[in-house]
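Here's the structure we're looking at; comments come further down.
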Amino acid sequence: MPARFFPAEPSRLHLVLMLMLTFSTGVIDAVGYLGLDRVFTANMTGNVVILGMALMGGDNLPVLGPVVALAGFMAGALVSGRTLRLTTSGWSRRTSALLVGVGTVMAAVAVALLSGVTPRNNEPLTVAITGVLAVSMGVQAATARHLNVKDVSTVVVTSTITGLAADSRLGAGTHPFWGRRLAAVGLIMAGAALGTGLLQVHMGLGVLMTALLTLFVALVGRSSLTRRDAAAPAPVAGPAS
């Protein structure tokens with residue numbers, strides 16, 4: 001099983017899996033921004049800034065796309081929050097199901113794109129794809145948040161960079177979690193570079209890459225949960241009444 005090649009300790013495993021999702025976020029945001037009329041499907045900070053500039057007529061920036069992305073992302077996060085509201089932080093069957101759902105939806109979008117559906121010069125289709133991807137990323141981000149991995153949100157690294165600098169040797173000098181912080185920044189950048197490269201070949205490839213990474217993360221998380229359940233001692237039966 002894939003989980004055998006990953007750390008057995010849950011906190012370390014979750015860190016590795018969330019860093020993988022951070023990388024995939026870089027891929028999908030590059031595809032979204034460059035292929036979907038300058039709209040982010042995961043980085044909502046970017047969309048808020050773009051929308052603010054667009055409302056003032058800045059550089060012919062889109063308005064509808066960022067609005068749809070923001071609404072879709074919030075809807076996805078709401079679905080995840082509602083689904084996980086009765087579960088404790090950490091990996092669960094519901095966490096796996098949500099990530100499988102995200103990967104499946106994104107895979108369907110990738111297949112459609114690779115089969116000839118193209119949003120270029122088709123605003124309704126562009127907006128529809130933006131909305132679907134944003135909902136998926138909202139679900140992913142809220143699910144990652146439920147796992148509560150410190151300094152790895154998978155969709156934004158501004159706070160991570162702030163902590164990396166403020167807590168460094170030249171700052172506060174405490175430098176906690178510097179390794180994961182640096183990894184998160186580097187991975188989202190590497191993902192964006194890969195997404196840009198894949199976009200040069202076909203837009204669907206970046207979406208497919210993100211889908212496969214998400215499904216792989218769900219598989220590893222689910223198999224590790226199964227291993228832990230199997231290793232847990234069986235409950236001791238009480239004395240017969």
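One is the number of the first residue; the rest follow in order along the sequence. Because only heavy atoms are used, hydrogens play no part in the values below, and waters and symmetry mates are left out as well, while side chains stay in.
Heavy-atom contacts from other residues, nucleotides or ligands closer than 6.0 Å to CZ of Arg85 number more than 12. Within a 6.0 Å radius of CE in Met53, other residues, nucleotides and ligands contribute more than 12 heavy atoms.
For Asp37 (side chain) and Pro62 (main-chain N/O), no donor-acceptor pair under 3.5 Å exists by modelled atom type. The backbone N or O of Phe40 lies less than 3.5 Å from a partner atom in the side chain of Asn47, making a donor-acceptor pair.
Using a 4.5 Å heavy-atom cutoff, the side chains of Leu36 and Leu133 are in contact. The closest side-chain heavy-atom distance from Arg145 to Ser80 is not below 4.5 Å. Residues Leu13 and Val220 form a side-chain contact, since some pair of their non-hydrogen atoms from C-beta on lies under 4.5 Å apart. The closest side-chain heavy-atom distance from Leu34 to Thr196 is below 4.5 Å. Contact check for Val100 versus Arg222: no side-chain heavy atoms found under the 4.5 Å cut-off. Looking at Thr25 and Ile188, their side chains come closer than 4.5 Å, going by heavy atoms from C-beta outward.
Taking both residues in full, the closest heavy atoms of Pro119 and Gly35 are given as CG-O, 4.5 Å, listed atom of the first, atom of the second, then distance. Nearest heavy-atom pair across Leu51 and Pro66 is CB-CB, 4.2 Å.
For the side-chain hydrogen bond (donor to acceptor under 3.5 Å, both in side chains) test with His146, the passing option among Thr88, Thr87, Thr95 is Thr87; the others fail.
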